[in-house]
Number of protein chains: 2
Amino acid sequence: MLRMSKLTDYGTVVMTYLAREPDRVHNAAEVASNIHVPQATVSKILKVLARGNLLTPQRGAKGGYSLSRQPAEITMADVIDAMEGKPVGLTECASSPGACVQESSCSVRGNWQRINDAVRGALAGVTLEEMAQPAVQPVDTSRLRPSRQAAA
Amino acid sequence: MLRMSKLTDYGTVVMTYLAREPDRVHNAAEVASNIHVPQATVSKILKVLARGNLLTPQRGAKGGYSLSRQPAEITMADVIDAMEGKPVGLTECASSPGACVQESSCSVRGNWQRINDAVRGALAGVTLEEMAQPAVQPVDTSRLRPSRQAAA
DNA sequence: GGAATTAGGACTATTCTAGTCCTGTATGGT
DNA sequence: ACCATACAGGACTAGAATAGTCCTAATTCC
């Protein structure tokens, strides 16, 4: 499926939650109870995000995590990259060069690269600040959309 | 992973191959030998694409498949939808409404919907006709506009 | 009639995923 | 100092999804 894993999806929910109070430290238990996901799972997600340098951890009692950058400076592409540990890419050759045996003889690789870039652009164009707000403001897709888009 | 399945990926390769000679009938063996994928697998892919009405099958000796529409009239979004049997969507709620338990309490669903639309737009903006050509167009990431030919 | 070729599944081995849990380390409060 | 709180980093497991094969029709050409 052309789909994120559930963990990655939760990652975006976690980050969006944190973006609503960016200057506070949040611990795993608090986040878990707010987004309705088991604490052990949330904990795992927070660790991954911290390893990706999107969150700054604070250990010990009264510890927790806070955003490493302002919400406006973190995009969906950043979050997904951090969760998956590799750059976003719909094709295997985009995120893990060398893994696909067909790579050298593939006739569509160049064109796929273009599509990957366009998709990444769509994700990089949305910040946590925007995600944190109710869904009223349209994602700016006008620059992304090719002219023929009337047909969608 | 934010990634297509391998079969879906092959599906795009198959369709692109067919788009290079859109007016001919191609059988599974021929396609397989050209794209270097086992015939049984290619056969499976062709069936899926035919069920999605992207290919028109012709049974019996001298049979095979041909594109149901002109290459310029088939987009990557069409191909991926056909291969996966459901509309493209990065989140579960986008392609299978009701499957996610959090759906009702999810605070980011509306914003994700917009991102999904943007991604779909990127895929719907590239036709098989374009895929069939060598990738000469450099990607303009700063502008995020998948290049297309004039009109169509 | 016989050879080609697709239709439609059943089946399987492998890989991936989600989720839990355990042990270690750092920190704050008393 | 002690101890409770929290994160760090993995190991582990059950279950699901994936890729690929193979078999038995149904169709069509010659």
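Just so we're clear, the structure is a prediction, and the values are computed from it rather than from any experiment.
- Between the CZ atom of B:Arg3 and the C1' atom of D:dA19 there is a distance of 15 Å, given to the nearest Å.
- Atom NZ in A:Lys6 sits about 11 Å away from atom P in C:dT20, given to the nearest Å.
- Rounded to whole Å, atom P of D:dA16 lies 13 Å from atom CD of B:Glu92.
- Between the C1' atom of C:dT6 and the CG atom of B:Leu18 lies a distance of 15 Å, rounded to the nearest Å.
- Distance alone, capped at 3.5 Å, places no donor-acceptor pair between the A:Ser43 side chain and the A:Ala28 backbone.
- Remark: C1' of D:dT21 and OH of B:Tyr10 are 14 Å apart, rounded to the nearest angstrom.
- B:Thr127 places none of its side-chain heavy atoms less than 4.5 Å from the side chain of B:Glu73.
- Of all nucleotides listed (C:dG28, C:dA4, C:dG19), C:dA4 comes nearest to the side chain of B:Ala61.
- Within residues 25-50 of chain B, the residues approaching DNA chain C are B:Asn27, B:Ala28, B:Lys47, by heavy-atom distance under 4.0 Å.
- Atom C1' of nucleotide D:dA17 and atom CE of B:Met4 are separated by 17 Å, given to the nearest angstrom.
- The salt bridge (charged side-chain N to carboxylate O under 4.0 Å, His left out) analysis of residues 9-28 of chain A, with sequence neighbours excluded, yields the pairs A:Glu21-A:Arg24, A:Arg24-A:Glu30.
- You'll find that the side chain of A:Pro57 is closest to D:dC7, out of C:dA18, D:dC7, D:dA19.
- With contacts defined as side-chain heavy-atom distances shorter than 4.5 Å, the pair B:Thr16/B:Leu128 qualifies.
- Atom CZ of A:Arg69 has more than 12 heavy atoms from other residues, nucleotides or ligands within 6.0 Å.
- One cannot find a donor-acceptor pair under 3.5 Å joining the base of C:dT27 and the side-chain atoms of A:Arg59.
- Between B:Asp9 atom CG and D:dT18 atom P there is a gap of 14 Å when expressed in whole angstrom units.
- Using a 3.5 Å distance cut-off with no hydrogens or angles, the side chains of A:Ser66 and A:Thr56 do not pair a donor with an acceptor.
- Between A:Tyr65 and D:dA8 there is a side-chain N or O to OP1 or OP2 distance below 4.0 Å.
- Looking at heavy atoms from C-beta onward, A:Tyr10 lies in side-chain contact with B:Gln102 at the 4.5 angstrom threshold.
- Remark: P of D:dC3 and NZ of A:Lys62 are 20 Å apart, rounded to the nearest angstrom.
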